[in-house]
Protein chains: 2
Amino acid sequence: MTVTGSRGRRERLRVETTAEIKKVALALMASGGPDAITLRAIAREMGMTANAIYGYFPTRDDLVTTLINDVYTALADAVDAAWEATSAADPAVRIEAWANAFRTWALVNPQGFRLIYGDPVPGYQAPEGGPAPDAARRVCTGLTALAAAAWPHARNLYHDSIFDWSDFDPGLLEKVRPAFPDLPPAAVALALRIWGHLHGLVSLEVYGHMRTQTTSPEKLFQEELAQLTQTLGIPRRR
Amino acid sequence: MTVTGSRGRRERLRVETTAEIKKVALALMASGGPDAITLRAIAREMGMTANAIYGYFPTRDDLVTTLINDVYTALADAVDAAWEATSAADPAVRIEAWANAFRTWALVNPQGFRLIYGDPVPGYQAPEGGPAPDAARRVCTGLTALAAAAWPHARNLYHDSIFDWSDFDPGLLEKVRPAFPDLPPAAVALALRIWGHLHGLVSLEVYGHMRTQTTSPEKLFQEELAQLTQTLGIPRRR
DNA sequence: TACAGAAACTTCACGGCGTATAGTTTCTGC
DNA sequence: GCAGAAACTATACGCCGTGAAGTTTCTGTA
């Protein structure tokens, strides 16, 4: 091995090419949806043969899996950042910031949202383990933080909760329980329900199903947030 | 034209073949998802050439559009039936019946749910008009009925509503306002929000995103319904 | 009943897709 | 300087939707 590492050169080129493949794939996705991610189109864009990509990803599904991971991570970063940017003193503001960041990200990256949450791509089957679930967990952990922030106000609404820890995935609890030791199972259930609420409204909007019903999905979402904080018993801010 | 109508024979065969194409397409979809709907596979199954199908549907997207219409109509029928099967006297039971019918249909016909609400198929673009929006409207009208049933209890929660009629699609209002003349815009917004809630939870479940978080999505959904009726101010039954 | 024409269907062809196999070029470390 | 690995290309196969042209079968009418 030389001083500057000529072996490192190959490796660097490899990393760069891998990055370019992903970059081109994401660009194709942004302009034509998840289905536009074809090896041949990527190769065409890069001045390569489609088969060259097989040196970097064993199969198209592996490429898609990697992209899902990256995009999901970007979403998790966005909502985390919105959360961190607000003060813990005002739960309502925090929750609204998180939710708005979620929706805004989805509207800015509709194809990314589809990639993550839709049929990702023709016959794609999600692998069991891997890093994409990690990003999902980050989002869920963020949601639990949201529920935790509301819990002091909301706890009395859930006295007769039917949930216990066995109702949840161990992998999720592993992340969540250490972070929020005092939180009961009912709060995790609340977090998942809120996830469902927000996901539903956003996904109907992103997929265009709202367009034929309402002209102002924005208003609908803000109403949702207002009702959410109110339902959670959080005093209105200002 | 003969007495029994020999022209009618051609027509009957035509109708039958059209029906068979759709039947086979739905079967393919049920077993392999929306992407398994290929003209060649359908033709193979029917002992025909793929191009023969062009005599019945101008393009594959038109076939898919027809299927979406049929499947969406089936969903609308299912929830309508559940609604009709319950008494108007107990709004909580009615609402829960409607929502459970929605979720159950989705779990029994996951591929149908994907066809309706997902990326329907690789590059498919939904046409503007057509009968599929009609089924969507039926579902939304059902939801409005749901909101209407709850409105006597829930109205005082929405005194400072920000909605007016211009926030909604005229086509929707055309259906909804005659059916529920006394309902304010806020109730329609509530209906759409409830749609979002239910759609979100069900779609996360159908697409498998819940599987890595909770082991009992059923419990989560029932909790959702319990909280929903409670939030709407409907007295708990029994 | 014979026949023109329409309808139903097949054959052939094109380009696009993922991907397997085999061959070629280019780089790297000794 | 050279063996071997790594990167990449060429060719091929079987899928796909779809267009054009040809063939068979049915049907209403003369």
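Naming convention: chains lettered A, B, ... in sequence-line order (proteins, then strands); numbering from 1 in each chain.
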query = For the residue pair B:H209 and A:Y117, does the interplanar ring angle fall in the parallel (under 30°), tilted (30 to 60°) or perpendicular (over 60°) class?
reply = perpendicular
task = Figure out the CG/P separation between A:L13 and C:dC27, and round it to whole Å.
result = 9 Å
query = Could A:R103 and A:W98 be counted as a cation-pi pair, given that NZ or CZ must be under 6.0 Å from the ring centre and within 45° of the axis?
reply = no
message = Please classify the nucleic acid contact of A:F57 as base, sugar-phosphate, or nothing, using heavy-atom distances under 4.0 Å.
response = nothing
inquiry  = At less than 4.0 Å, is any side-chain N or O atom of A:R14 found next to OP1 or OP2 of D:dA6? Yes or no.
reply    = no
ask   = Once each nucleotide of nucleotides 16-25 of chain D is scored for protein heavy atoms under 4.0 Å, what B/S/- sequence comes out, 5' to 3'?
value = BBBBB-----
message = Just the rounded figure in Å: distance from P of C:dC9 to CD1 of B:I53.
response = 10 Å
request  = Figure out the CD1/P separation between B:I21 and C:dA8, and round it to whole Å.
outcome  = 11 Å
message = A side-chain contact here means heavy atoms from C-beta on lying under 4.5 Å apart; do A:L192 and B:L204 qualify?
response = no
task = Look at the side chain of B:T38 and the backbone N and O of B:A41, then say whether any donor-acceptor pair between them is shorter than 3.5 Å.
result = yes
task = Round to a whole Å and report the spacing from CD of A:E11 to P of C:dC27.
result = 17 Å
inquiry  = Between the side chains of B:K219 and B:E223, is the shortest nitrogen-to-carboxylate-oxygen separation below 4.0 Å, so that they form an ion pair?
reply    = no
remark   = A:E16 atom CD is separated from D:dA7 atom P, nearest whole Å, by 13 Å
query = Do other residues, nucleotides or ligands put more than 12 heavy atoms under 6.0 Å from the CD atom of B:E16?
reply = yes
query = For A:M46 and D:dT9, what is the distance between atoms CE and P respectively, to the nearest whole Å?
reply = 10 Å
query = Between B:R12 (CZ) and C:dA8 (P), how many Å, whole number?
reply = 14 Å
